[in-house]
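Below is one structure, written out as structure tokens; the observations come after it.
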Amino acid sequence: MGLVCSGKCGLDTVGPEPDAHTPTHHGDKPTFPTQTLRKDVPTENSDRDLRSERDFGSELNKTQTDTQEDLECGMPTRTLLVGEYLSGDTAGLRDPSSGVGAPTFSVNGRSRMNHVDHSPSPEEVTAEVVGQYLRAHPEFLEAWLMEQVELETLERWMIRRTQRDKQKSLENGTNGKIIRKTSLSRWKFCVHADKRKMLQELTTSLHVRPNKAHVLWELAHCISSAVSADGYNLYLADNVSGTLHHYVEAKDGRTTWPRADSHGSSWSCDIGVGSWLCAWVASTRHVVRVSAPSSDPRFPKGSPFAEEQEGHHALTMVVVQSDGELAAVLELYRKKAEENFHEEDEEIVNSYLVWGGIALHYADLYHSMVKQRKLNEFILSVVKSIFQDMVSMDTLIMKVMNFAQKLVSADRASLFLVDAKNRQLYARIFDMGSEFEEDNPPQSFKEIRFPIGTGIAGIVAQNGQVLNIPDAYADPRFNRTVDQLTGYVTKSILCMPIFIRGNVIGVMQMVNKATGAFSKEDEESFEMFAIYCGLALHHAKLYDKIRRSEQKYKVALEVLSYHNCCTDDELETLQADSLANALPGVDDYYFCPLYMEDMDKVRHAIYMFVDLFGLSRFDKECLIRFTLTVKKNYRRVPYHNWTHGFSVANSMYTIIKHAPRAFRPLECLALYIGSLCHDLDHRGKNNKFMLETESPLAAIYTTSTLEHHHFNQTVTILQQEGHNIFGKLTSNEYKQVLGNIKHCILATDLAMFFPNKARLAKLVEDNLFDWENPDHRILIEAIAMTACDLCASAKPWDVQVETVKVIFEEFYEQGDAEKAAGKTPIPMMDRSKTDEQAESQVGFLSGICIPCYELLYKLIPDTEPLLTGCKNNLQTWKRIAAEQTKDTSRNKEEDREDTDTGIQEVTEEGECEETLEEIDDKCISAKGGTGKDDDT
């Protein structure tokens with residue numbers, strides 16, 4: 001059999017090698033030759049030349065005497081020759097049987113080296129002689145191998161030896177089991193296949209049962225086999241309670257306990273010195289190799305299972321996790337008849353623990369991920385259950401306690417809420433046991449209350465700290481009274497605060513974990529759960545408040561509806577009147593409603609509606625109720641009142657009457673009702689004021705605040721019983737009309753007017769406006785609404801002047817409110833700057849009203865009177881503004897003269913009276929004009 005290649009040449013096979021396969025040299029020292037020392041030249045004695053390694057040195061016994069003589073007389077020379085032989089320096093050495101350069105040293109077919117004065121020649125050195133010499137001088141072989149052969153080569157030799165021995169065992173019928181004593185070198189170099197098998201088994205175990213206990217059990221089994229131990233004991237560490245628990249796993253994966261205590265639990269002991277061997281090792285974390293452990297004073301109790309298992313020699317060490325936490329204690333044992341454990345056994349165990357530690361680490365990671373995933377799924381189900389069924393606080397509390405029990409495997413749960421006002425904890429449902437389920441809820445108990453700071457829950461509520469008590473009876477804060485009364489035995493307690501916005505709103509108390517005490521993992525899991533509990537409880541309280549507020553709102557709405565709806569007397573009065581009698585000129589652009597009574601305006605509003613749309617699709621009584629209620633929902637403010645709403649509706653009625661083909665029937669309906677309701681519940685302040693004063697309306701509607709409110713008030717009236725004037729319309733018609741009404745009311749916000757005007761003007765300028773295009777019709781509707789809203793600017797001068805008076809009175813009231821709030825109003829809203837009214841009206845009419853009417857006139861020529869009236873009023877305001885400017889300049893010059901001379905100029909009495917009359921007329925005239933608060 002040929003020797004093994006060192007691997008340097010790329011050939012790594014067993015058997016004869018080619019001639020080119022030469023020994024490898026490292027420096028000046030040759031390594032062990034990696035080829036047979038013969039030429040592959042066929043001879044008649046080739047069978048003898050190819051003898052295997054098993055025949056190497058087979059004549060040891062019959063040449064023992066001769067060899068001993070050789071050792072006594074020819075040692076130095078023979079050692080040199082053997083070294084040369086092993087190094088492959090075979091020049092001059094011949095094998096007489098082959099006739100080539102293989103070494104030989106034989107006389108009459110056998111080795112002869114027994115003459116004292118005889119030193120063997122190179123020709124006399126054969127493989128047989130070298131084998132005899134090495135067997136007789138193992139120290140030389142060791143020294144030579146240590147000096148000349150690389151470690152990689154030795155490893156390969158050992159691997160092949162292991163494979164050959166395993167093959168022999170298979171041939172001998174021992175099922176491949178190699179019987180040998182434990183050896184670190186054998187383990188290191190010869191059990192790569194075992195390592196691979198071990199890792200495969202650990203990987204499979206990690207996949208099938210990825211828990212720490214199972215991985216430790218498999219690891220202990222592999223280590224026990226590697227060191228040829230007769231058995232082992234595995235003790236799992238409980239770092240919370242400071243105890244060790246004996247762990248045994250059956251072949252089917254079930255956990256069995258070979259010995260149980262009085263409570264039926266597995267064997268366990270406290271970690272510490274002076275008792276058991278495993279407890280001492282867990283406490284000191286030292287490796288112990290000992291025989292007869294009970295005789296050692298460090299652990300007088302020895303091994304707990306020594307008598308049953310007949311263990312005499314023990315090797316015990318700790319298994320530590322990557323974070324330094326104790327995972328388990330492994331105790332390997334051999335019987336008395338076996339060899340005791342050595343240091344190399346210790347090294348083998350440590351090497352296995354390196355691989356096992358990786359598996360344990362990933363098992364721990366996998367366990368953490370699985371636990372986190374389960375926790376996430378659990379919390380998701382909690383959130384779904386809680387927030388989808390937020391019926392009452394009691395229902396929520398019951399669900400929270402039920403989920404908390406399942407989360408930490410507790411026997412009982414209690415949830416106490418904080419009464420911050422009285423500094424108390426209270427609960428109606430508490431001490432809920434595992435027998436209660438969602439389908440079988442506990443009965444509500446009488447509410448209990450106790451001060452914050454009393455008992456364990458009170459202490460947690462007071463300091464906001466988690467309390468994990470493994471032994472309740474050993475804690476002086478625990479009150480045993482309840483246990484004594486009920487017979488229940490409290491063992492462990494986990495009490496945790498529930499926070500919201502940094503404040504404790506409740507305390508959850510879990511009692512008696514199913515297995516052992518509550519762990520740090522339970523605390524972490526429950527801490528995350530407590531966050532969602534806090535949110536759920538907080539939202540449940542808010543929901544409860546909202547529900548109560550909703551009921552209050554419904555009651556208030558009923559009260560307001562009663563008082564804001566028309567009375568039965570008003571309804572009967574109007575029903576008795578004839579609706580056909582209309583005032584002359586009601587369809588005139590210059591119609592003046594200022595001096596009409598409110599009920600007359602109602603009658604004419606109804607008349608205009610019937611005149612436009614008839615009563616075939618509308619109920620008369622419903623129309624009367626609706627109009628009366630609209631009147632009642634306009635506030636009594638100086639300008640944006642029922643008179644203004646009626647005036648705008650009258651202007652829209654006039655446009656529809658004079659241009660009947662401009663708009664379609666449903667559009668006309670929306671335009672008229674939108675005009676009548678466009679300022680419902682107006683407060684006499686503009687949108688900017690609402691935003692700056694943080695009005696509740698501004699919180700509800702961030703843009704076009706008042707306009708959105710006006711529309712919603714319209715919808716509210718329509719929804720009241722007996723007020724839905726659109727009740728006979730189809731569903732599609734109703735939806736279209738309501739959508740157009742919203743569009744029309746929102747169009748009265750001047751913030752919407754400017755972009756609408758720009759788009760429409762562009763279409764008209766480019767001659768692209770199309771009456772059949774819905775988008776274009778929407779734009780003309782918006783412009784028509786703005787034109788009607790500003791109709792006071794086109795009324796005759798006397799109506800214009802009176803309207804401007806009430807407009808500025810409303811402006812001044814807002815200015816007064818702004819001053820009261822510490823703000824400076826704009827000049828138009830400042831009472832001390834009345835002389836600027838004319839200028840503001842000139843700017844308003846020329847910048848907004850005239851462009852609006854001009855654009856409307858281009859598309860609906862019948863609206864020319866609006867444009868003409870507005871232009872006339874603009875000229876008047878310009879003249880008044882010019883006169884006021886002259887008077888202001890003259891007064892400034894007079895003031896300067898008075899300052900220079902100190903003498904005030906005195907005029908004649910007549911001249912003075914004339915001047916006062918002129919000034920009075922100008923002041924009166926300056927109060928004319930048009931505009932609305934949120935349009936400025």
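Values reported hereafter were calculated over all heavy atoms of this structure, with side chains retained and with hydrogens, waters and symmetry mates removed. Index from 1, following the sequence.
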* Using a 4.5 Å cut-off on heavy atoms from C-beta on, say whether the side chain of Val320 contacts that of Glu325. => no
Scanning both residues in full, the closest heavy-atom pair of Ala517 with Pro470 reads CB-CB, 3.9 Å
task: Compute whether any side-chain donor of one residue and acceptor of the other, for Glu338 and His313, lie under 3.5 angstrom apart.
output: no
| request: Test Phe299 against Val288 for side-chain contact (heavy atoms from CB on, under 4.5 Å), laying out the working first. | output: CA-CA 11 Å; Phe299 24 83; Val288 173; 3.9 Å; yes
Say whether, by atom type as modelled, one donor and one acceptor occur between the side chain of Asp522 and the main chain of Ser519 under 3.5 angstrom.
-> yes
d(Leu332 CG, Ser224 OG) to nearest 0.5 Å is 6.0 Å
Sorted by chain and residue number, the side chain to side chain contact (heavy atoms under 4.5 Å, CB included) partners of Glu307 (sequence neighbours excluded) come out as none
Contacts satisfying salt bridge (Lys or Arg N to Asp or Glu O under 4.0 Å) that involve residues 268-294 (not counting sequence neighbours) are Arg289-Glu346
#### Entry: Beyond-backbone contact of Cys269 with Thr243, side-chain heavy atoms, under 4.5 angstrom
no
All heavy atoms of Ala327 vs all of Leu216, minimum pair found to be O-CD1, 4.3 Å
- Query: Passes side-chain contact (heavy atoms from CB on, under 4.5 Å), Trp217 versus Val248? Steps please.
  - Reply: CA-CA 8 Å; Trp217 179 259; Val248 179; 4.1 Å; yes
Check the pair Met317, Asn350 against side-chain contact (heavy atoms from CB on, under 4.5 Å), reporting the backbone distance first and the verdict last.
CA-CA 9 Å; Met317 54 178 34; Asn350 286 330; 3.6 Å; yes
query: Looking at side-chain heavy atoms only, is the closest gap between Tyr352 and Ser225 below 4.5 Å?
result: no
What one should report as the nearest heavy-atom pair of Leu244 and Ala282 is CD1-CB, 3.9 Å
Indicate whether the side chain of Gln309 and that of Asp230 have a donor and an acceptor atom separated by less than 3.5 Å.
no
For Ser303 and Asn233, the nearest pair of non-hydrogen atoms, with its separation, is OG-ND2, 4.2 Å
Checklist entry - Got a donor-acceptor contact below 3.5 angstrom from the Thr153 side chain to the Val149 backbone? => result no
Is the side chain of Thr284 donor-acceptor paired with the backbone N or O of Trp280 at a distance under 3.5 Å, no angle test?
yes
side-chain contact (heavy atoms from CB on, under 4.5 Å), that's the test. Do Leu277 and Glu331 meet it? Break it down for me.
CA-CA 9 Å; Leu277 168 61; Glu331 181 184 273; 3.7 Å; yes
Across all chains, not counting sequence neighbours, the side-chain hydrogen bond (donor to acceptor under 3.5 Å, both in side chains) partners of Glu523 are Asn468
Margin query: Using modelled atom types and a 3.5 Å cut-off, is there a donor and acceptor pairing between side-chain atoms of Ser492 and backbone atoms of Lys513?
Written below: yes
Determine whether Val318 and Leu326 make a side-chain contact, defined as any pair of heavy atoms from C-beta on separated by less than 4.5 Å.
yes
Phe305 and Tyr333: ring pair (Phe, Tyr, Trp, His ring centres under 6.0 Å), yes or no, with the steps? CA-CA 10 Å; Phe305 308 104; Tyr333 67 87; 9.6 Å; no
Output for pair (Leu219 CG, Tyr232 OH), nearest 0.5 Å, gives 10.0 Å
Less than 4.0 angstrom from a charged side-chain N to a carboxylate O is my criterion; do Asp345 and Arg334 meet it? yes
Of all heavy-atom pairs linking Phe341 and Ala314, the shortest is CD1-C, 3.7 Å
Short side-chain to backbone donor-acceptor contact, Arg373 and Met369, under 3.5 Å: no
Separation between CD (Glu310) and NZ (Lys335), nearest 0.5 Å, reads 5.0 Å
Between the CD atom in Glu128 and the OG1 atom in Thr126, the distance rounded to the nearest 0.5 Å is 5.5 Å
Please determine if Asp471 and Lys491 form a salt bridge, counting it only when a charged side-chain N lies under 4.0 Å from a carboxylate O. no
Closest non-hydrogen contact found for Leu236 with Ala328 is CD2-CB, 4.1 Å
The side chain to side chain contact (heavy atoms under 4.5 Å, CB included) partner of Cys278 among Leu330, Val329, Leu234 is Val329
Distance col, row Arg135:CZ vs Gln132:CD, nearest 0.5 angstrom, shows 8.0 Å
Under 30°, 30 to 60°, or over 60°: which ring-plane class applies to Trp267 and His246, parallel, tilted or perpendicular?
perpendicular
dist Leu315:CG -> His342:NE2 (nearest 0.5 Å) comes out at 11.5 Å
Just by modelled atom types, is the Ala292 backbone N or O under 3.5 Å from a matching donor or acceptor in the Ser295 side chain? yes
